[in-house]
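Lettering of chains follows the sequences in order, A, B, ..., and the numbering in each one begins at 1.
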Number of protein chains: 2
Amino acid sequence: MKLEVLTKNDNRKIENTIIDGIRNLINYKNLEPGDKLPSERMLSEKFNVSRSIVREAIQKLEFYGLLKSRPQSGTFVAIGNTAFNGMVEDILRLDEPSFKALVETRILLELKTARLAALRRTDEDLTQIKSALEAYKEKVINSEDAVQEDLLFHLAIAKASGNSSMNTFMLIITPEIITNFEKYHVCDKGLAQEGIKEHEDIYQAILKQNPKEAKEKMKVHFKTLYQYCYNI
Amino acid sequence: MKLEVLTKNDNRKIENTIIDGIRNLINYKNLEPGDKLPSERMLSEKFNVSRSIVREAIQKLEFYGLLKSRPQSGTFVAIGNTAFNGMVEDILRLDEPSFKALVETRILLELKTARLAALRRTDEDLTQIKSALEAYKEKVINSEDAVQEDLLFHLAIAKASGNSSMNTFMLIITPEIITNFEKYHVCDKGLAQEGIKEHEDIYQAILKQNPKEAKEKMKVHFKTLYQYCYNI
DNA sequence: ATCTTTTTATTGGTTAACCAAATCAATACT
DNA sequence: AGTATTGATTTGGTTAACCAATAAAAAGAT
């Protein structure tokens with residue numbers, strides 16, 4: 001029954017081994033930013049694994065900005081030696097975030113995106129937020145589950161914040177939040193009804209382009225969640 | 001000369017096409033969370049592309065938590081239809097974050113991680129932060145470039161925050177920050193000297209486990225950067 | 001009939017062969 | 001001598017064939 005986890009760990013382990021090998025190689029050869037790594041073929045031969053494995057390891061390091069691969073040219077070091085070593089260490093030891101960590105991050109991000117959305121929202125942003133709000137309201141008044149519509153409303157605000165980075169991070173943590181909400185039935189306790197009012201308040205603040213009020217209304221909205229999160 | 005960008009766009013475009021195809025399939029077949037998608041082989045045949053392409057598209061959707069693939073079993077829908085459609089739309093339209101957006105996000109995250117680190121740091125965390133601080137100081141007093149050591153100090157704090165999610169996000173945005181700092185020579189203006197004092201203040205606050213002070217000292221540290229960022 | 005065992009087909013993961021673009025060096029031309 | 005051109009080589013990207021694990025179905029024993 002735990003086989004799935006085991007194989008996944010194995011995969012993770014071999015990928016991490018390759019990442020560690022690449023790190024050693026860069027240190028041994030003293031490669032600086034802009035320097036070229038050996039080709040994927042040579043790396044796969046050196047580490048006795050297939051090219052796909054090497055490619056995955058490179059892609060992971062590329063995702064974290066440590067390497068940069070250019071088609072028909074090669075893979076290049078993207079940051080300095082010191083930062084590379086320090087960050088690889090962290091990347092290899094990263095563990096899955098807990099639900100508490102996710103909620104904590106979400107609240108932090110959303111207090112900011114609400115404020116920024118009030119400052120920067122376009123008319124197009126506003127109509128999309130409004131549309132998400134209406135979809136949410138319709139579900140709630142029909143007493144249907146509205147977790148998804150709830151999250152989409154918040155994502156619309158994140159998009160309106162004009163900060164692509166925060167928007168991306170919200171997209172990353174949202175599905176896990178949804179899953180946990182539905183699993184622990186966070187929103188079943190008749191909270192959805194008052195949720196409508198809170199959502200409308202946030203929308204109004206963004207409509208009026210009042211950043212302080214937007215953040216404040218978002219904080220009110222999170223009050224229940226906040227307490228819930230810290231009482232698990 | 002712009003060919004690299006073009007091919008990359010092409011690659012992106014075909015992957016996005018497949019993602020769109022998967023979305024349509026899920027809608028057409030009304031697949032709910034837990035339902036199984038067609039196998040990678042069938043999808044690659046249906047979309048007239050190779051399995052690798054399909055795999056990459058699936059992996060991207062899995063990264064954002066919309067799908068979940070299990071070895072020797074299949075790929076499964078992970079979230080509800082409504083959320084899936086809304087999020088796919090956003091994912092397809094995501095653009096690269098600007099430097100300003102990155103700095104904005106970094107400041108937001110770090111004011112929080114400093115506070116959390118003061119609350120939750122272990123002794124082990126503390127020694128790692130201290131170690132990063134010493135490495136930074138040594139570089140600065142030798143008048144060497146210390147951008148990397150600077151960032152590693154901040155990453156050590158992020159790790160000490162005990163929030164894996166924020167730690168990951170810091171790791172994601174850090175390399176781009178480093179690159180831009182070095183490009184625009186943000187830290188060349190003799191700021192490094194006073195940076196030592198500011199770093200030490202942050203360290204002391206975390207040592208004393210004083211969250212309010214840690215956040216405040218971090219805010220002081222970011223004051224210059226903050227102004228710089230908003231004056232570009 | 002029901003449960004266990006065995007077989008068979010399907011799955012994601014892995015490897016290896018193939019392709020077009022980019023690079024670089026040798027050559028031809030001015 | 002210097003510059004442009006061309007062709008072989010190297011590169012990351014792509015495709016297709018292969019593998020082990022899984023799950024489902026069929027056969028056998030109780």
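- Between R51(B) atom CZ and dG12(C) atom C1' there is a gap of 6 Å when expressed in whole angstrom units.
- If M42(A) and V49(B) are placed on DNA chain D by their nearest nucleotide, the residue sitting closer to the 5' end is M42(A).
- Side-chain contact, N85(A) with N81(A): a donor N or O sits under 3.5 Å from an acceptor N or O.
- Residues D125(A) and T122(A) have side chains that bring a donor and an acceptor to within less than 3.5 angstrom of each other.
- In this structure, E40(B) atom CD and dA16(D) atom P are separated by 15 Å, rounded to whole Å.
- Rounded to whole angstrom, the span from the CD atom of Q59(A) across to the C1' atom of dT14(D) amounts to 13 Å.
- Heavy-atom distances to DNA chain C give each of R41(A) and P38(B) a nearest nucleotide, and the one nearer the 5′ end belongs to P38(B).
- What separates CD of E45(A) from P of dA16(C) is a distance of 11 Å, to the nearest Å.
- Under 3.5 Å, the side chains of D90(B) and N167(A) contain no donor-acceptor pair of N or O atoms.
- Applying the 4.0 Å criterion to OP1 and OP2 of dT10(D), one finds that S39(A) has every side-chain N and O outside that range.
- The nearest whole Å value for the distance from the CZ atom in F47(B) to the P atom in dT15(D) is 15 Å.
- When all heavy atoms of S164(B) and D95(A) are compared, the pair lying nearest together is OG-O, 2.5 Å.
- Rounded to a whole Å, the CZ atom of R55(B) is 16 Å from the C1' atom of dG13(D).
- The aromatic ring centres of Y136(B) and F153(B) sit 6.0 Å or more apart.
- Of the candidates dA21(C), dG12(C), dT14(D), dT14(D) carries the atom nearest the I53(B) side chain, counting heavy atoms from C-beta on.
- In this entry the distance linking CD1 of I14(A) with P of dT14(C) reads 7 Å, nearest Å.
- Within the 4.0 Å cut-off from OP1 or OP2 of dG13(C), not a single side-chain nitrogen or oxygen of S52(A) is found.
- Of the candidates dT14(C), dT15(C), dG12(C), dT15(C) carries the atom nearest the S50(A) side chain, counting heavy atoms from C-beta on.
- Contact check, T75(A) against dG12(D): a side-chain N or O comes under 4.0 Å of OP1 or OP2.
- Side-chain proximity of Q72(A) to the nucleotides dA21(C), dG12(C), dG13(D) is greatest for dA21(C).
- Rounding to whole angstrom units, CZ of residue R70(B) and P of dG13(C) are separated by 12 Å.
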